[in-house]
Amino acid sequence: MKQQSLNRTITWVQGTTLTISAVLGCGILVLPSITANSAGPASLLSWIFMSLLSFPIVMTMAHLARLIPSAGGITAYVRTAFGSHASSILSWIMLGSVPVGVPTIALTGAYYINYIEPLDTWEVIGIALLMLATSLLLHMKGIEVSSKVSVVAIFMILSLLVTAIIVSIPHVKFSAFYPFVAHGWFSLGSTSVMVFFSFVGWEMITPLSEEFKNPKRDMSISLLLGAACISVLYISISFVTIGTHSYGGNHIASLNMLVSKSLGASGAFFTTALALFITFSTVHANIAGFSRMVYAQARDGNFPSFFAVLHPKHLTPARVLAALGTVFFGVLVIFGWLKPSIGTLLKGPGTVFIVSYIFTMLAAIKILKPLTTGWFMALISLFTSIAIFLFSGWAILYPIVLAVIGELYLHGRNSFNNLKSDE
């Protein structure tokens, strides 16, 4: 039977918007004020520093995507460097990221509606479920439809964020930046760890490389333009948050405070609309990349072959998307019953992303020519990722448990195959 192939329809414009979508999360609405509370005006340095550190990661991903344009994404890079077993273990670790992280992100965005209309827990869950279902249905129709939706969503997000920055600039007072190091230089370390999680998501774009029209050129353009855009936005929002002193006390929604100073009561509607656009955009891009990674791993035999079948008309990983919908629903129901904190739910997936970077950078160091630009970028990214990983606390156990489950599955599959071959 002829091997099915994903459609090549993504341009660098759509790729850039998908990159921004995957990385730009609701953290931009709250983290600038949280980091300013922790480190004072010097927190701006954390945003600048982590913005600069994101480029070695992005450049390494771009080098690898040009060499190995595969729907497996980072798992394909690890397979090339260390073999199929290491790739399989990473893919099982990655199963702990999007299935838990994406519904949690949807919940975060849905909670912002409380600014304009109080909701109970199950109403918030219903809104989150609606966002997830809409994204899954769009992905069923094909990546071309999905990427066009992403272009519209990112245009709205960028318009709203730029508006927030512009209306805030007249209220900036340079006296707000003194004393600059209000809580000591050590405070920058803890804030940098928080800021790092605003720069994860690049790996969710690499599985789409099989659907780019010109992956060797356009993947690099998409990743680098996306990184530049996100860095400018994060630094700008941090600057105006500090300059207008839109932080402190019990207020963490810095963007809401920022906009309210200029737009008054309508600022809550503005922030809510922005939160929903950002949430949907992030959810949409992560589902795109993750579903392709699972499909590619099933195609290679590392996941059940049931998931290696594309939709006959749209050529999309429909079975993977349907399975994700079931898992998303389960996570939201469990959240409604147990009511764990969103921070707790996000810590595990966040650690999985860091582990995926460690795997990827180790693969890049082996694949790329030593002492070249890409090789040095991978080395810098590896040390950064390991340093951040050591601050993960209990969540370090999460990827270890997933790796053990993957190892047991692979061992059982191999034992079964050996028994069949002996018959």
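We use all heavy atoms of the structure for the numbers below, so side chains are in, but hydrogens, waters and symmetry mates are not.
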ask   = What distance do M50 atom CE and T35 atom OG1 have between them, rounded to the nearest 0.5 Å?
value = 12.5 Å
ask   = Looking at side-chain heavy atoms only, is the closest gap between L53 and I380 below 4.5 Å?
value = yes
query = Between S43 (side chain) and G40 (backbone), is there a donor-acceptor pair under 3.5 Å?
reply = yes
inquiry  = To check you understand the geometry: which heavy-atom pair defines the closest contact between G336 and I125, and what is its length?
reply    = CA-CD1, 3.4 Å
key: Over all atoms of both residues, closest heavy-atom pair of P103 and V331   = CG-CG1, 3.7 Å
inquiry  = Please list all pairs meeting side-chain hydrogen bond (donor to acceptor under 3.5 Å, both in side chains) that have one or both residues in residues 352-361, counting only residues at least two apart or in different chains.
reply    = E203-Y357
key: Spacing of CZ belonging to F290 relative to CD1 belonging to I287, to within rounding of 0.5 Å   = 10.5 Å
request  = Check S220 against R66 and note the closest heavy-atom contact, atom names and distance.
outcome  = OG-NH1, 2.6 Å
ask   = So does F82 have more than 12 non-hydrogen atoms from other groups sitting under 6.0 Å from CZ?
value = yes
inquiry  = List the residues meeting side chain to side chain donor-acceptor pair (under 3.5 Å) with S88, not counting sequence neighbours, and say none if there are none.
reply    = N302
Euclidean distance, S135 OG relative to F280 CZ, rounded to 0.5 Å = 5.0 Å
request  = Spell out, as yes or no, whether a donor-acceptor pair under 3.5 Å connects the side chain of S46 to the backbone of A42.
outcome  = no
key: Residues that L129 engages under side-chain contact (heavy atoms from CB on, under 4.5 Å), provided they are two or more places apart   = F329, L332
key: Residue pair Y77 / A65: nearest heavy atoms and the distance that separates them   = OH-CA, 3.4 Å
message = Has T19 got a side-chain atom pairing as donor or acceptor with G15's backbone, closer than 3.5 angstrom?
response = yes
Pairwise side-chain contact, D218 with I221, heavy-atom cut-off 4.5 Å (strictly under) = yes
query = Is there side-chain contact between H139 and R292, with heavy atoms separated by less than 4.5 Å?
reply = yes
query = Taking side chain as C-beta onward, heavy atoms only, is C229 less than 4.5 Å from L158?
reply = yes
ask   = Of all heavy-atom pairs between L44 and I235, which one has the smallest distance, and what is that distance?
value = CD1-O, 3.8 Å
query = In Å and rounded to the nearest 0.5 Å, what is the CZ to CG distance from R319 to L310?
reply = 10.0 Å
inquiry  = Are the side chains of I74 and M94 in contact, using a 4.5 Å heavy-atom criterion?
reply    = yes
query = Taking the side chain from T80 and the backbone from A76, do they hold a donor-acceptor pair closer than 3.5 Å?
reply = yes
message = Once you measure the plane-to-plane angle for F199 and W47, does it fall in the parallel (<30°), tilted (30-60°) or perpendicular (>60°) bin?
response = tilted
message = Restricting to non-hydrogen atoms, name the atom on S87 and the atom on V78 that form the minimum distance, rounded to 0.1 Å.
response = N-CG1, 3.8 Å
message = Evaluate V352 against L95 for side chain to side chain contact (heavy atoms under 4.5 Å, CB included), listing each step before the verdict.
response = CA-CA 9 Å; V352 166; L95 284 181; over 6 Å; no
inquiry  = Let's go through L119 and I127 carefully: what are the C-alpha distance in whole Å and the side-chain angles of both, what is the deciding distance for side chain to side chain contact (heavy atoms under 4.5 Å, CB included) to 0.1 Å, and is it a yes or a no?
reply    = CA-CA 10 Å; L119 301 174; I127 293 169; 3.5 Å; yes
ask   = Are L223 and M59 close enough, and set up right, to give a side chain to side chain contact (heavy atoms under 4.5 Å, CB included), and what steps lead you there?
value = CA-CA 8 Å; L223 284 165; M59 291 175 70; over 6 Å; no
Rounded distance [0.5 Å steps], OG in S51 versus CD1 in I230 = 9.5 Å
note = Rounding to 0.5 Å, atoms OG1 (T16) and CE (M219) come to a distance of 10.5 Å
ask   = Between the main-chain N or O of M140 and the side-chain N or O of T316, is there a donor-acceptor pair closer than 3.5 Å?
value = yes
ask   = Donor-acceptor pair, S281 side chain versus F277 backbone, under 3.5 Å?
value = no
message = When you compare the side chain of H63 with that of L368, does any pair of heavy atoms fall below 4.5 Å?
response = yes
task = Side-chain contact test, heavy atoms from C-beta onward, threshold under 4.5 Å: evaluate it for L132 versus V102 and give yes or no.
result = yes
request  = May I ask you to test the L402-Y398 pair for a side-chain heavy-atom distance under 4.5 Å?
outcome  = yes
query = Given F328 and L136, is the side chain to side chain contact (heavy atoms under 4.5 Å, CB included) satisfied, shown in steps?
reply = CA-CA 11 Å; F328 290 163; L136 288 167; 4.1 Å; yes
